[in-house]
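Side chains are part of it too, since the values below use all heavy atoms of this structure and drop only hydrogens, waters and symmetry mates. Remember, it's 1-based here, ligands and their atoms both numbered in the order they're listed.
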Amino acid sequence: MTKRSITETEVRGKRALVRVDFNVPLRDGEVADDTRIRATLPTIEDLLHRGAAVVLATHLGRPKGKPDPAYSVAPIARRLSELLGASVATVPVVVGPEAEQAAAALDPGEVLLIENTRFEPGEESNDPALAGALARLGDLFVNDAFGAAHRAHASTVGVAERLPSYAGPLLQREVTTLSRLMDNPERPFVAILGGAKVSDKLGVLDHLLGKVDALLLGGGMANTMLLAQEHEIGSSLAEPDRVNDARRLVDRAAERGVLLLAPTDVVTAESLESTVTKVVSVADVSADQSIFDIGPDTIARYCQEIFTAGTVFWNGPMGVFELPAFENGTLAIARCVADANAFTVVGGGDSLAAIEAAGVGERIDHIATGGGASLEYLEGRTLPGIAALPDA
Ligand code: ADP
Ligand code: MG
């Protein structure tokens, strides 16, 4: 899927209103992690070099539709200014006369960051008045915030309907990669799904089952699959009310000829605090133990599938990788994905942390940064922020 792109549009002398995802963590009033800001620099710098003035809009945290100094974008403006090596103008409002004057006063090559869009009650309800007021801040609109594309908000959808609108390069890259994964994957297509709960990922599991050649399960969600296979899982994290969903996945996989694998051996302990761990077959988990990681046979079997894949998608850790005693499965899978001869995509907050912990981030083809937006895309849902942009 290709959207009309800002990189191929003449912008000289125009004011570009750019929706970015600067929803970054703050600590003591400063930006604690500027990854998202740095990721957007090429978009901003390209517009500035090509003679546009840039008005930036982002949400930050959840300020509940009214101004809250704790969620002001001021620290972001400071950090962005350092990164750009140029001053970044700010206004204490999102829209209105003061914002319009500041936007109108920009010369080509200058940047304004308006206040947190969620200071306005009309943002999340996609209020037409707010969308109209935002549209008065630019001559054209660029959406480069894939992470916000699953929400029909005034700053993602309403404004896109009121100005000539374009996809930014970051958003386009996410859409191109995820649509390649879903519509045109190199086969075999192997997906690895883990994480805490089946219920979080049922939509993705369902949709992926219609696309992949093999689905490998791990983490807490695999425990529910083991329950469905009537194994003892002790006091492991699991969702007994999802056992029927797990059985349905098994049936659908069989109908479609998808290889569906659950762990065959696991790492167990009495509790997360316990340092005494055991590696046992899934048939031999005792009632006083819990499953906290996948075992070596499972790792070997999963990596065998990963090594013969043409496309690999991974979301969700294989165990409680935050603790050294239970990190092995997740780190081993991370290394196998990195070593694979396939087009590799990893998505999800904790999965990215695992990729970092394994030190293999550079060897993954695409890191999906969209969080909830990526998952909704992989569930086969239409993302309103993307639907609102014209096709190329
Ligand atoms: P992501 O953020 O990558 O989508 P999730 O949020 O779904 O991943 O799941 C990550 C969490 O799942 C981690 O905090 C991890 O500790 C937990 N987890 C994985 N395996 C288990 C397990 N066997 N028991 C309990 N928690 C688990
Ligand atoms: Mg998570």
Let me know which of Arg180, Arg173, Gln172 forms a side-chain hydrogen bond (donor to acceptor under 3.5 Å, both in side chains) with Thr176.
-> Gln172
Going hydrophobic residue to hydrophobic residue with side-chain gaps under 4.5 angstrom, can you get from Leu17 over to Leu113?
-> no
In terms of atom number and element, which parts of ligand 1 are under 4.0 angstrom from non-hydrogen atoms of Asp350?
-> 1 (P), 2 (O), 3 (O), 5 (P), 6 (O), 8 (O), 10 (C)
Residue and atom name of the nearest protein heavy atom (relative to atom 27 (C) of ligand 1), distance in Å to one decimal = Val320 CG2, 3.6 Å
Atoms of ligand 1 less than 4.0 Å from Ser351 heavy atoms?
-> 1 (P), 3 (O)
Among all protein heavy atoms, pick out the one at the shortest distance from atom 19 (C) of ligand 1; state its residue, atom name and that distance to 0.1 Å.
-> Gly319 O, 3.2 Å
Any salt bridge between Arg252 and Glu255, counting N to O under 4.0 Å?
-> no
With a 4.0 Å cut-off, would you call Asp33 and Arg27 a salt bridge?
-> no
Honestly, for Lys201 the part within reach of ligand 1 (heavy atoms, under 4.0 Å) is side chain
Take atom CG of Asp28 as the centre, draw a 6.0 Å sphere, and report whether it contains more than 12 heavy atoms from other residues, nucleotides or ligands.
-> no
Ligand 1 to Pro317, heavy atom cutoff 4.0 Å, flagged ligand atoms 3 (O), 8 (O), 9 (O), 10 (C)
Under-4.0 Å heavy-atom contact with ligand 1, by part of Asn315 that carries it | side chain
Tell me, which protein residue and heavy-atom name are nearest atom 23 (N) of ligand 1, and how many Å apart are they?
-> Ile291 O, 3.1 Å
Do the side chains of Leu60 and Ile37 join up, straight or via other hydrophobic residues, at under 4.5 Å, putting them in one cluster?
-> yes
Closest approach to the Mg ion (ligand 2) by Asp350, given as the N, O or S atom name | OD2
Cluster question for you: counting only ILVMFWY and a side-chain heavy-atom cut-off of under 4.5 Å, with indirect links fine, are Leu193 and Tyr377 together?
-> yes
Identify the closest protein heavy atom to atom 21 (C) of ligand 1: which residue and atom is it, and at what distance?
-> Gly220 N, 3.3 Å
Got a salt bridge between Lys3 and Asp391, using NZ or NE/NH1/NH2 to carboxylate O under 4.0 Å?
-> yes
Near Gly316, which atoms of ligand 1 are under 4.0 Å from a heavy atom of that residue?
-> 3 (O), 8 (O)
Are Glu124 and Lys64 within salt-bridge range, i.e. N to O under 4.0 Å?
-> no
What residue and heavy atom of the protein are closest to atom 12 (O) of ligand 1, and at what distance?
-> Ala196 N, 3.2 Å
When distances are taken from atom 14 (O) of ligand 1, the protein heavy atom at minimum range is Glu322 OE2, 2.5 Å
